[in-house]
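In this text, all values refer to a predicted model and were calculated from it rather than measured experimentally. In each ligand, atom 1 is the first atom listed, and ligand 1 is the first ligand listed.
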Amino acid sequence: MYLILGLARSGLAAAVFLQQQGEAFVVFDDYKNDLGYPLLKECDWSRIKTVVMSPGIALSHPSPHPLVDKAFRQRCEIITDCTLLQRFAPDKRYIGITGTNGKSTITALITHVLRACGVDAVMGGNIGVPALELALNHDVYVLELSSFQLERSPPFDLDVAVWTNLTEDHLAQHGTMEQYRAAKKRIFKKAVHKVISTDDAYSLKVADAFPDALRAALADPVVHLLVDHLYLKGDHNKQNRLIAYYALKAFGLDHDTILQGIQTFKGLKHRQQCVARFGAVTFINDSKATSAVATEQALKAFDAIHWLVGGQDKSDGIDSLIPYFRKVKKAYVFGAARERFSRVLAVHKVNFSAYEDMDEALTSAYEEATREKDTTTILLSPACASFDQYKDFEARGDHFIQLIEQIKCKESSLQMKVS
Ligand code: ADP
């Protein structure tokens, strides 16, 4: 008997999946208990052998969810949806990707290159498609694995395990950097091939512990073969392309096939996504940049920036971005972070205005950007979580795109009136 703990998207997918497989299960969620599935309270704990944990349930930090405690005491096995996928589709090839940043880009890029050369590959996991929403009849599964998935599962059987980089993030859920790194390192436990990007000190230390790992570093001569990419701009994306290159090499593709495949990748939504260009103004949606480290990449990649920044701020704020303030023509701060960020911008003499929400910030940014003669970029790269005003970063990015659509309609009706 399984217990599905947490009924958000991945938990619900697990329920549908187990039902289809004819497996017995019960469900528990702190808030939802009327979804038509058998409930934990109707079951004797002694019958539960395996607990399928959702990422939102605390395993250990700040303190374990009471039912996790109970599951440990009952000596239940704790797994995630990705483990279940492997158990029900054991003879497939799996590529797993973890790290602080770049996971989704690399997951999508690897999947794209595999599909471009005719391999039946699909992607899932943390990238937004629960593993158990994937059909079981594909040949290759490319799984984005968060530290939460890795710490809650027995080691995954991976053909290729990929480590992108490591910076401070999610410490509220993991406690210390050491615990965060330990959770992520579990990706290598049963991996046939290991790829580690070694451009940060934490990752270098991890690579030293795995002498058989392929190392991907920006100093690598292969980097010179990665010519300019239309959609994957900036050094961080060069790093992402290099990591994908090594992962695909380890998987067995040849050099030319990989490079060709990489060039036809069109990038991912909400990650430095070029949404529109009106005259000299380009709109970039980088809503996925929920930390200063991620936003740093965008500030490096663009020039003459009208910067939309704000939301629910994280502990590190935007101080680490001070060296890039010179690239900002004007900042438009919004959301819960606006007072804190305004203070930093004022101290560093950055031209800025503060707004209640992104809508007002964008209207003002567009007015100011169109007054300029030179090319400019209106960049939404919030360096913040979205939860003060949105469900998630996707909703924030979608709203940004929708607002740009409205600007476009207004502009074209004005043009029609003039002509
Ligand atoms: P993840 O899935 O790990 O959150 P994404 O591929 O979705 O990462 O990228 C999210 C944001 O992180 C990007 O918009 C970019 O700002 C930043 N980013 C992407 N790749 C890297 C990298 N290799 N190093 C540092 N920052 C990166």
Side-chain angles (χ1 to χ4, degrees), residues 55 96-112 123-129 142-150 162-170 173 180 183-184 187 195-204 216-218 220 223 226 229 231-247 262 265-275 284-302 305 307-309 311 314 316 318 320-321 324 327 377 379-386 392-394 396-397 400:
I97 295 104
T98 200
T100 307
N101 285 303
K103 295 183 293 298
S104 297
T105 304
I106 295 168
T107 302
L109 181 56
I110 289 174
T111 311
H112 167 81
M123 63 182 180
N126 201 49
I127 195 156
V129 183
V142 187
L143 300 178
E144 177 182 325
L145 300 170
S146 66
S147 34
F148 305 110
Q149 270 148 341
L150 288 162
V162 180
W163 173 288
T164 69
N165 49 47
L166 197 76
T167 50
E168 294 192 18
D169 204 358
H170 298 301
Q173 293 91 337
Y180 178 46
K184 289 212 173 285
I187 195 168
V195 176
I196 306 182
S197 163
T198 50
D199 281 316
D200 65 87
Y202 284 119
S203 303
L204 199 57
L218 282 171
D220 193 309
V223 171
L226 301 171
H229 198 286
Y231 298 98
L232 295 177
K233 292 189 186 302
D235 273 354
H236 67 296
N237 273 324
K238 213 169 237 183
Q239 185 185 56
N240 294 342
R241 287 187 280 155
L242 184 70
I243 297 167
Y245 173 89
Y246 276 114
I262 288 177
F265 182 62
K266 291 218 160 56
L268 272 177
K269 208 174 172 190
H270 309 304
R271 286 109 177 136
Q272 296 186 8
Q273 174 197 5
C274 179
V275 180
I284 303 291
N285 166 24
D286 192 31
S287 176
K288 178 70 204 285
T290 56
S291 65
V293 177
T295 290
E296 181 180 333
Q297 309 309 324
L299 294 182
K300 276 187 198 162
F302 299 95
I305 300 168
W307 180 28
L308 271 60
V309 56
K314 298 205 170 160
D316 53 347
I318 52 169
S320 62
L321 301 175
Y324 308 98
K327 301 188 83 183
T377 302
L379 169 71
L380 168 69
S381 190
C384 284
S386 57
D392 48 31
F393 75 85
E394 281 103 339
R396 176 170 63 191
F400 183 65

Measure the distance from [atom] to every protein heavy atom, then report the residue, atom name and distance (to 0.1 Å) of the closest one.
atom: atom 27 (C) of ligand 1; value: Asn101 CB, 3.4 Å
atom: atom 25 (C) of ligand 1; value: Gln297 NE2, 3.5 Å
atom: atom 14 (O) of ligand 1; value: Asp286 OD1, 2.7 Å
atom: atom 7 (O) of ligand 1; value: Arg271 NE, 2.7 Å
atom: atom 18 (N) of ligand 1; value: His236 CD2, 3.6 Å
atom: atom 24 (N) of ligand 1; value: Asn165 ND2, 3.4 Å
atom: atom 4 (O) of ligand 1; value: Lys288 NZ, 2.5 Å
atom: atom 8 (O) of ligand 1; value: Gly102 N, 2.8 Å

If we only count N/O pairs under 3.5 Å, is [X] in contact with ligand 1?
X: Ile106; value: no
X: Thr295; value: no
X: Gly99; value: no
X: Ser104; value: yes
X: Gln239; value: yes
X: Asn237; value: no

Next on the checklist: Does only the side chain of Thr105 get under 4.0 Å from ligand 1, or the backbone, or both, or neither? Count heavy atoms.
Outcome noted: both
Residue-ligand contact [X]/ligand 1, heavy atom below 4.0 Å:
X: Glu296; result: no
X: Thr164; result: no
X: Thr100; result: yes

For the backbone of [Y] and the side chain of [X], can you confirm whether one donor and one acceptor N or O come within less than 3.5 Å of each other?
X: Arg241; Y: Ile106; value: no
X: Arg271; Y: Lys269; value: yes
X: Ser146; Y: Asn126; value: no
X: Asn237; Y: Asn240; value: no

Inter-residue atom distance [X].[atom1] - [Y].[atom2], 0.5 Å rounding:
X: Ile127; Y: Thr107; atom1: CD1; atom2: OG1; answer: 5.0 Å
X: Asn165; Y: Asn101; atom1: CG; atom2: CG; answer: 5.5 Å
X: Cys384; Y: Lys314; atom1: SG; atom2: NZ; answer: 8.5 Å
X: Leu321; Y: Lys300; atom1: CG; atom2: NZ; answer: 10.0 Å

Checklist entry - Are Trp163 and Ser197 close enough, and set up right, to give a side-chain hydrogen bond (donor to acceptor under 3.5 Å, both in side chains), and what steps lead you there? => result CA-CA 6 Å; Trp163 173 288; Ser197 163; over 6 Å; no
Checklist entry - Pairs in or reaching into residues 231-240: which pass salt bridge (Lys or Arg N to Asp or Glu O under 4.0 Å), with residues at least two apart or in two chains? => result none
Item to check | Close-contact set for ligand 1 against Ala294 heavy atoms, below 4.0 Å | outcome: 11 (C), 12 (O), 15 (C), 16 (O), 17 (C)
Next on the checklist: Distance under 4.0 Å to a non-hydrogen atom of Glu144: what atoms of ligand 1 satisfy this?
Outcome noted: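 So the atoms of ligand 1 that pass are 2 (O).
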Checklist entry - Do Leu145 and Ile187 have side chains that get closer than 4.5 Å, going by heavy atoms? => result yes
Checklist entry - Given Gln272, which of Gln297, Lys288, His236 fulfils the side-chain hydrogen bond (donor to acceptor under 3.5 Å, both in side chains) condition? => result His236
